[in-house]
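Beneath this line is the structure, given in structure tokens, with notes to follow.
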Amino acid sequence: MLPLVLLLLLGQSQALAITSGHCQKNISVKYQVPLTRTRLVNNASEQYIVYEERVRWDTVRMCCPGYRTIIFGFCEPICTEACPAHSYCVEPNKCHCMRGYEHSHHPNKQHQLICRPICQGGCPEHSHCIGHNECECRPGFKDVSSWFSMSLSCERIQCGHDQRYDLQRRACIKIEMSMEELMQRVAERLAKGLERDEGEPTTEEPLEESKD
């Protein structure tokens, strides 16, 4: 018997069942089977083979709408917009924060999801949570805890004379005064000098009368 020749053609879906991102879909499969026929040729019977087309319904397993196939036939959900940091796509167009992070919303865009780190017990003074159970000193402060200490200790950074701490550069920089600030500084020093001079008593020597 000749082997069957299968022609797979997708038909209309008859059933849809979702199981962890997988769907079962009924498809129509057209195939041909060989059939033996008999005919008369020159007053003699002769057998020949014809192929008859038939249709059957098979159930196939595929990724559901909103999912895509990855390695080993697993299905991965699709999020049209990229999920924010520390989150992953859990369902089609739905993101979920990773373990150790909590759901929050952008202060200016309430519809936008952000994932904030969770620090059990909170962070010490002048520090903030930057990762799961990970604290860091705020800008303008430095860690002064000892290497054997388990807790973070933050102290304000002290800059030198005529210096200030720049939050963007995160370093002490020299104070550069504008012309207005410089003139104001000079005026203040002059005013202080005048006040000091006015407060001091003035001593004048009496004029000597000339004797004739």
Side-chain angles (χ1 to χ4, degrees), residues 66 68 70 76-212:
R68 60 187 169 199
I70 54 177
E76 180 185 43
I78 301 172
C79 288
T80 306
E81 295 184 2
C83 291
H86 311 298
S87 68
Y88 61 96
C89 188
V90 64
E91 293 179 7
N93 293 323
K94 183 179 180 181
C95 300
H96 187 78
C97 292
M98 295 180 178
R99 185 178 179 183
Y101 293 81
E102 62 182 357
H103 290 72
S104 184
H105 293 280
H106 197 279
N108 299 326
K109 300 177 182 178
Q110 292 298 322
H111 67 280
Q112 184 177 347
L113 171 71
I114 58 174
C115 297
R116 297 189 306 180
I118 300 173
C119 289
Q120 298 293 338
C123 291
E125 188 178 7
H126 306 307
S127 66
H128 58 136
C129 189
I130 61 170
H132 180 46
N133 291 331
E134 182 181 358
C135 299
E136 183 183 69
C137 293
R138 293 186 181 276
F141 295 83
K142 62 180 179 179
D143 181 14
V144 293
S145 57
S146 55
W147 63 270
F148 56 84
S149 176
M150 297 297 293
S151 60
L152 181 69
S153 179
C154 299
E155 183 181 90
R156 185 179 294 278
I157 298 175
Q158 301 294 333
C159 295
H161 183 65
D162 289 339
Q163 287 187 334
R164 65 179 179 86
Y165 187 81
D166 190 282
L167 294 177
Q168 294 182 348
R169 302 182 186 178
R170 295 197 173 189
C172 292
I173 61 173
K174 187 177 181 180
I175 299 176
E176 296 180 359
M177 292 186 294
S178 63
M179 184 59 67
E180 293 181 0
E181 292 174 338
L182 181 60
M183 295 300 294
Q184 185 178 359
R185 183 72 63 86
V186 172
E188 290 175 355
R189 291 185 178 181
L190 287 174
K192 289 182 180 179
L194 291 174
E195 290 176 359
R196 185 171 58 252
D197 292 341
E198 291 177 356
E200 295 178 355
T202 58
T203 58
E204 296 182 357
E205 295 183 358
L207 296 175
E208 293 183 358
E209 297 181 358
S210 60
K211 296 180 180 179
D212 294 335

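Atom OG of Ser127 sits about 9.5 Å away from atom CD of Glu136, to the nearest 0.5 Å. Atoms CZ and NE2, on Arg156 and His126 in that order, are 6.5 Å from each other to the nearest 0.5 Å. Note that SG of Cys135 and CD1 of Ile130 are 8.0 Å apart. Values are rounded to the nearest 0.5 Å. Within the model, atoms SG of Cys137 and CD of Glu125 stand 11.0 Å from one another, a figure rounded to the nearest 0.5 Å.
Disulfide criterion (SG-SG under 2.5 Å) for Cys123 and Cys129: not met.
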Enumerate, atom names and distances included, each donor-acceptor pair closer than 3.5 Å involving a side-chain atom of residues 83-97, sequence neighbours excluded.
from	atom 1	to	atom 2	distance (Å)
His86	ND1	Tyr101	OH	3.4
Ser87	OG	Pro84	O	2.6
Asn93	OD1	Thr80	N	2.7
Asn93	OD1	Thr80	OG1	2.9

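Side-chain contact check for Cys172 versus Ile157: some heavy-atom pair is nearer than 4.5 Å.
Residues Leu113 and Ser104 share a closest heavy-atom pair of CD1-O, 3.4 Å.
Under the salt bridge (Lys or Arg N to Asp or Glu O under 4.0 Å) criterion, Arg68 pairs with Glu76, sequence neighbours left out.
The main-chain N or O of Gln120 is found under 3.5 Å from a side-chain atom of Asn133 such that the two form a donor-acceptor pair.
Residue-environment remark: CD (Glu81) stays at or below the threshold of 12 foreign heavy atoms within 6.0 Å.
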